[in-house]
There are 2 protein chains.
Amino acid sequence: MGYSVGQVAAFAGVTVRTLHHYDKAGLLSPGERSPAGYRFYSDADLARLQQILFYRELDFPLDEIAVILRDPQADALHHLRERQRRLREEIARLERLAEVAEQAIEVQRTGVALTPEERFEVFGEISFDLSYATEAQLKWRDSAAYREAMARARAHTKEDWRQLMNEAAAWRAELLAAFDADQPADGGLAMDLAERHRRHLTRWFTPCPPDTHRRIADDLAADPRAFALLVPPSQQRPGLAAYVSKAIHANASRRDGSRTDSEEHP
Amino acid sequence: MGYSVGQVAAFAGVTVRTLHHYDKAGLLSPGERSPAGYRFYSDADLARLQQILFYRELDFPLDEIAVILRDPQADALHHLRERQRRLREEIARLERLAEVAEQAIEVQRTGVALTPEERFEVFGEISFDLSYATEAQLKWRDSAAYREAMARARAHTKEDWRQLMNEAAAWRAELLAAFDADQPADGGLAMDLAERHRRHLTRWFTPCPPDTHRRIADDLAADPRAFALLVPPSQQRPGLAAYVSKAIHANASRRDGSRTDSEEHP
DNA sequence: GTTGACCCTCCCCTTACGTCAGGCTTGAGG
DNA sequence: CCTCAAGCCTGACGTAAGGGGAGGGTCAAC
């Protein structure tokens, strides 16, 4: 008589719905139907189902399974090799992702030694963007400056952070004033603000020679997540990131020109 | 003024449709709309998009990304750990799959040393089921009997296979006759057929003592793919696999009882 | 004759968009 | 001022592999 859908489903470990699906897809149609339309599967159908499930476990799409089974296995081998190649690619991709996640966890764990509550209290609107921090870590983790900055950041107490953020807020206010007053980005006022930013970084994180500062400026202009660490979205204006970047570049050139004042070596 | 969809799409490396999708999904709505309904994205929107893409690269589902970004990153960390765990699981799973594919390729490569055409010519309707062969390999590859059988199979020439399959066909015809004539499975005729099957295996593949033959019988009854190697679907009848299995068991018991005739040691 | 378990066929839902279709808007050139 | 191409809009359907449910038929047992 053959097996009913329920029986087949039970001992093949699939659902009835799946069998219906394979039937409609033409992948596995039962050899027999009762007058009432009930499906009845033969042993040959079961053999075919086992094959289907085997290839399905290897993540073959159903239509490819259909091809493999239709063909008198002319080249199941070819499909298998192809599949194995793609499996290896996927494994490599996932391993990269796991590495990124690892770094993200690492950066969060070692970046700022505050509880979430303290963090919210100190940083307020400034969001510590994990995605940006992680990409930065992946990009810069081999640089000595980055490592020093991270180490010092982690050593900061809550009071350090509060003071640091207060300084930053004051600086930000002056920046906005200068920008809104249309002070030129390469003018003295803007350059002085850039210089104060440089000293701020030097004091709290890592020495920041002109070339380093230029790289930071480029990142600020290119990646809005970086700029959001400096000026929260609510205070941003169109063109402000480019303005800051330009000011930093101008200041760096100014300092390049007069190498004598080197507070890096007091 | 902000950036249009096209601009954002171009330099974020996504399609316009994706931005529409994120908008409708409430994941990223542009800060501004022109009177005509055109979307305009601010720098803050861009920062958010970057975050979205970061998490998307880690294969986060969009609704989970929405949660992470909605929350003032209360615990992006928690989500990341969870994701990393699942990534590792998935990697392990794919590695198992790659191993299975490897074995499938191996079994196909070393099982039968014939070209596809020859194979078709010799085996005809009997399909050499790769999925079953692979599972068998994974199950038994450590057994000496399996390894010997595979080695001898591989050494068979086309002529060997042809002769072997002719013997099998003759045997099959007698089996069907016995079954259709309602000869009892534990009767002398059926047991003799079982014994001939045993000798066939012994001659062409590997010595087959009663216990080994019993295991084979159980597999024939349990897995229709195994039975299909013995009797092609077109010649099968309901209950035939169980019949063969029972006959083999009966024959094994008979031989257990009379240990003296051991043609295994001539 | 009636219950309860099983079966049937639609049909909508899921993810993260791709792919039109049909119709506005906008900026540049004539 | 008109036109044309490029760019934008909304809306709707399709994808893979089924999940879930509605509404209704079938079957064996009591």
Side-chain angles (χ1 to χ4, degrees), chain A residues 1-42 45 48-49 51-69 79 83 86 90 93 97, chain B residues 1-42 45 48-49 51-69 79 83 86 90 93 97:
Chain A
M1 190 72 251
Y3 314 94
S4 71
V5 266
Q7 289 175 304
V8 174
F11 72 73
V14 300
T15 66
V16 171
R17 183 65 178 83
T18 298
L19 293 176
H20 285 178
H21 186 62
Y22 291 172
D23 189 0
K24 195 155 19 179
L27 191 55
L28 177 68
S29 299
E32 230 180 318
R33 289 273 197 153
S34 83
Y38 282 28
R39 293 173 178 79
F40 286 109
Y41 293 86
S42 69
D45 294 330
R48 190 178 168 91
L49 177 58
Q51 292 190 61
I52 292 169
L53 295 181
F54 172 80
Y55 290 110
R56 188 185 72 162
E57 271 194 29
L58 289 175
D59 286 352
F60 277 92
L62 294 190
D63 53 2
E64 197 170 340
I65 296 179
V67 169
I68 294 175
L69 297 193
H79 290 272
R83 172 101 329 225
R86 272 188 285 182
E90 183 68 3
R93 189 182 77 90
L97 294 195
Chain B
M1 192 72 244
Y3 314 95
S4 71
V5 266
Q7 290 175 302
V8 173
F11 72 73
V14 299
T15 67
V16 170
R17 182 63 177 85
T18 299
L19 293 176
H20 285 178
H21 185 63
Y22 291 171
D23 189 1
K24 195 156 18 182
L27 190 55
L28 176 68
S29 299
E32 228 180 320
R33 288 273 197 152
S34 84
Y38 281 29
R39 293 172 179 80
F40 286 108
Y41 293 86
S42 69
D45 294 329
R48 189 177 168 91
L49 177 57
Q51 292 191 61
I52 292 170
L53 296 181
F54 172 80
Y55 290 111
R56 188 184 72 163
E57 271 194 28
L58 288 175
D59 287 349
F60 277 91
L62 293 190
D63 53 1
E64 197 170 341
I65 296 179
V67 169
I68 293 175
L69 296 194
H79 290 271
R83 172 101 328 223
R86 273 188 283 180
E90 184 67 3
R93 190 181 77 90
L97 295 196

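Remember, it's a predicted structure, so these values are computed and weren't measured experimentally. These values consider heavy atoms only, across backbone and side chains, with no hydrogens, waters or symmetry-generated copies.
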Earlier contact from the 5' end, DNA chain D, for T18(A) and S34(A) = T18(A)
Taking only the side-chain nitrogens and oxygens of T15(A), find out if one of them lies under 4.0 Å from OP1 or OP2 of dG19(D).
-> yes
Which nucleotide in the list dC9(D), dG18(D), dC6(C) gets nearest to the side chain of V5(B)?
-> dC9(D)
Measure from the side-chain N and O atoms of Q7(A) to the backbone N and O of S4(A), and report whether any donor-acceptor pair falls under 3.5 Å.
-> yes
Using atom CZ of F60(B) as one end and atom P of dT15(C) as the other, report the distance to the nearest whole Å.
-> 17 Å
For R17(B) and for G6(B), locate the closest nucleotide of DNA chain D by heavy-atom distance; then report the residue assigned to the nucleotide nearer the 5' terminus.
-> G6(B)
To the nearest angstrom, the CZ-C1' distance between F40(B) and dC9(D) comes to 12 Å
What's the closest nucleotide to the R33(B) side chain, out of dA17(D), dC9(D), dT25(C)?
-> dC9(D)
Is any side-chain heavy atom of E90(B) closer than 4.5 Å to a side-chain heavy atom of D59(B)?
-> no
Measure from the side chain of L62(B), starting at C-beta and using heavy atoms only, and say which of dG18(C), dC17(C), dC8(C) lies closest.
-> dC17(C)
5′-ward residue of the pair D63(B)/G37(A) relative to DNA chain C | G37(A)
Among dA16(C), dT25(C), dT9(C), the one nearest R39(A) by side-chain distance | dT9(C)
Apply the side chain to side chain contact (heavy atoms under 4.5 Å, CB included) test between V8(B) and each candidate in T18(B), L19(B), V16(B); give the one that qualifies.
-> L19(B)
Go through dC6(C), dG18(D), dC17(C) for me and flag the one nearest to the H21(A) side chain.
-> dG18(D)
Can you check whether L27(A)'s main-chain N or O pairs, donor with acceptor, with R48(A)'s side chain at less than 3.5 Å?
-> yes
dG18(D) base / Y22(A) side chain donor-acceptor hit below 3.5 Å = no
Mark yes or no for whether D23(A), through its side chain, and H20(A), through its backbone, hold a donor-acceptor pair below 3.5 Å.
-> no
When rounded to whole Å, the OH to P distance for the pair Y38(A) and dC27(D) reads 6 Å
Rounded off to whole Å, could you give me the CG-to-C1' distance for the L58(B) and dA16(C) pair?
-> 17 Å
Between atom CG in L28(B) and atom P in dA16(C), what is the gap in whole Å?
-> 15 Å
Rounded interatomic separation in angstrom, taking OH from Y3(A) and P from dC7(C) = 15 Å
Considering only side-chain heavy atoms of H20(A), which listed nucleotide, dA16(C), dG18(D), dT9(C), is closest?
-> dT9(C)
Could you work out which one of dC27(D), dC8(D), dA16(C) sits closest to the side chain of P61(B)?
-> dA16(C)
Nucleotide dA16(D), atom C1' - distance to CZ of R56(A) in whole Å | 13 Å
Within the pair S4(A) and dC7(C), is there a side-chain N or O less than 4.0 Å away from OP1 or OP2?
-> yes
Validation row: D45(A), F40(A) side chains within 4.5 angstrom (heavy atoms) = no
How close or far is atom P of dA16(C) from atom CG of D23(B), stated in whole angstroms?
-> 16 Å
